[in-house]
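Chain letters run A, B, ... following the sequence lines, proteins first, then strands; residues in each count from 1. Here the structure is a predicted model, which means the values were calculated and not measured.
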2 protein chains.
Amino acid sequence: MSSSSAPTRRIGGPDSQSRAMLLDAAEQLMVEEGYAAVTSRRVAGKAGLKPQLVHYYFRTMDDLFVELFRRRADVNLERFERAVEADGSLRNLWRLNADPRGSAVTIEFVALANHRKAIRAEIARYAERFRAAQLAAITAALEANGAADQMPPVVALLLMTGLTQMMALERALGVTTGHDATMTYIDDALTRLEPGRS
Amino acid sequence: MSSSSAPTRRIGGPDSQSRAMLLDAAEQLMVEEGYAAVTSRRVAGKAGLKPQLVHYYFRTMDDLFVELFRRRADVNLERFERAVEADGSLRNLWRLNADPRGSAVTIEFVALANHRKAIRAEIARYAERFRAAQLAAITAALEANGAADQMPPVVALLLMTGLTQMMALERALGVTTGHDATMTYIDDALTRLEPGRS
DNA sequence: GTCTATAATCAGATAGAC
DNA sequence: GTCTATCTGATTATAGAC
């Protein structure tokens, strides 16, 4: 899948345990200190390995970032689809969206994408996949409640994700004006649309 | 205003022309290549000056970033208030919010804030000020249209800004699924609320 | 106010031994 | 698969001359 234009270097296979440890360490650094802290030296240090191993498993740091994102994205998408399968209600979709677990790292990756083309492409691809999955779920949920005529599902989806993403971002900054009021409002709206749910 | 705990270094005054040129160069770099490109060397190079001058006018690079943000924030806030004074309609508030001019740089600063505490504090302060100004404006606009009972103004505000910020961010990535449909929906909603406007 | 010179780090990346 | 050794270049920051 990766480009093989420079046949000189040796690159380690994807099933190595050290490779996984490096990815884990990189992810942890990214969460705790931001992407700028993800250097070959620091990643290796956290994993208890030598910096050069990073370059053995990942030709460039960009390759590491892309791999990191892909790994996390796959997990996220799977988790989302399993959760929807178990409970496809509007309220659950909202809950999944408001889950801050992924938000912090997402911001970091988006910022990275701003100046790393390889990562931008990867994120864009994933965003489209995730949007499609979310759209299918919210369309079904709105139709189940006879609310699909009030607002196009895709609009509801953008409103919802925009709201949750911004609140997550603001929370990270310590700005929370209006958050409580908004959460209450959404909660009431969900109760109106889906009387049967908690 | 700045801390003066280390009296050893000489720092240039705020009225210098070179200082302004450095800030301009830094801002341009930030827009074009992201904050990672804003190094003392590159900033000075773009301004046609020596890298050491950056450290003469700004004790640290963080100081430069804070100054950069503050300068832009002040301009933004003033522009917003002037625009609202001229036209306080909902539609104009939406237009101002959807204006992508500031969005790209905003993202960059937020990402920076993630790992630079001095900048995080500055952004948080500004975000609160801006929210207050926006809240006053949207409250007045909703009341003028007798729509303040449909939704708390602060909720409308968060929905609006969340939506515009996310769309701006996605546009930067090349992801635009649902954007047109949402813009159309908002446009129709505004026409319904404010029949008199374009 | 601007320069030269330089200290002190840290970065990504590679070659080749074991 | 992992190591030592190393190259090369960038970065922030300071001191002191002019």
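Nearest-nucleotide mapping onto DNA chain D: of S16(A) and P51(B), the residue sitting toward the 5' end is S16(A). Take the nearest nucleotide of DNA chain C for R19(B) and for Q52(B): the residue whose nucleotide is more 5' is R19(B).
With rounding to whole Å, M61(B) atom CE is found 16 Å from dA10(D) atom P. As a whole-Å value, the separation of D15(A) CG from dG1(D) C1' is 14 Å. A straight line from OH of Y57(B) to P of dG1(C) spans 5 Å, rounded to a whole angstrom. In this structure, the NZ atom of K50(A) is 15 Å from the P atom of dT6(D), given to the nearest Å. Between L53(B) atom CG and dT4(C) atom C1' the separation is 12 Å, expressed in whole Å. Summarising the geometry, the separation between CG on L49(A) and C1' on dT4(D) is reported as 15 Å, rounded to the nearest angstrom. Look at CG on L29(B): it is 15 Å from C1' on dA10(D), rounded to the nearest Å. Note: CZ (R41(A)) to C1' (dA5(D)) measures 12 Å, nearest angstrom.
The side chain of Y56(A) lies closest to dT2(D) when the candidates are dT2(C), dT2(D), dG12(C).
Contact annotation: S18(B) reaches the phosphate of dT2(C) (side-chain N/O to OP1 or OP2, under 4.0 Å). For the pair T39(A) and dA11(C), the criterion of a side-chain N or O lying under 4.0 Å from OP1 or OP2 is met. Side-chain N/O atoms of S40(B) include one lying less than 4.0 angstrom from OP1 or OP2 on dT12(D). An OP1 or OP2 oxygen of dG12(C) is reached within less than 4.0 angstrom by no side-chain nitrogen or oxygen of H55(A).
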Verdict with reasoning, K46(A) to R42(A), per side chain to side chain contact (heavy atoms under 4.5 Å, CB included): CA-CA 6 Å; K46(A) 210 173 184 73; R42(A) 296 208 58 191; 5.8 Å; no
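By the 4.0 Å N-to-carboxylate-O rule, R192(B) lies too far from D187(B) to be salt-bridged with it. Under 4.0 Å is where a charged nitrogen must lie from a carboxylate oxygen, and between R131(B) and E170(A) at least one such pair does.
For F65(A) and F69(A), the gap between ring centers reaches or exceeds 6.0 Å.
With no hydrogens or angles considered, a side-chain donor-acceptor pair links S16(A) and Y57(A) at under 3.5 Å.
Counting distance only, with no hydrogens placed and no angle test, the side-chain atoms of R10(A) and the base atoms of dT2(D) include a donor-acceptor pair under 3.5 Å.
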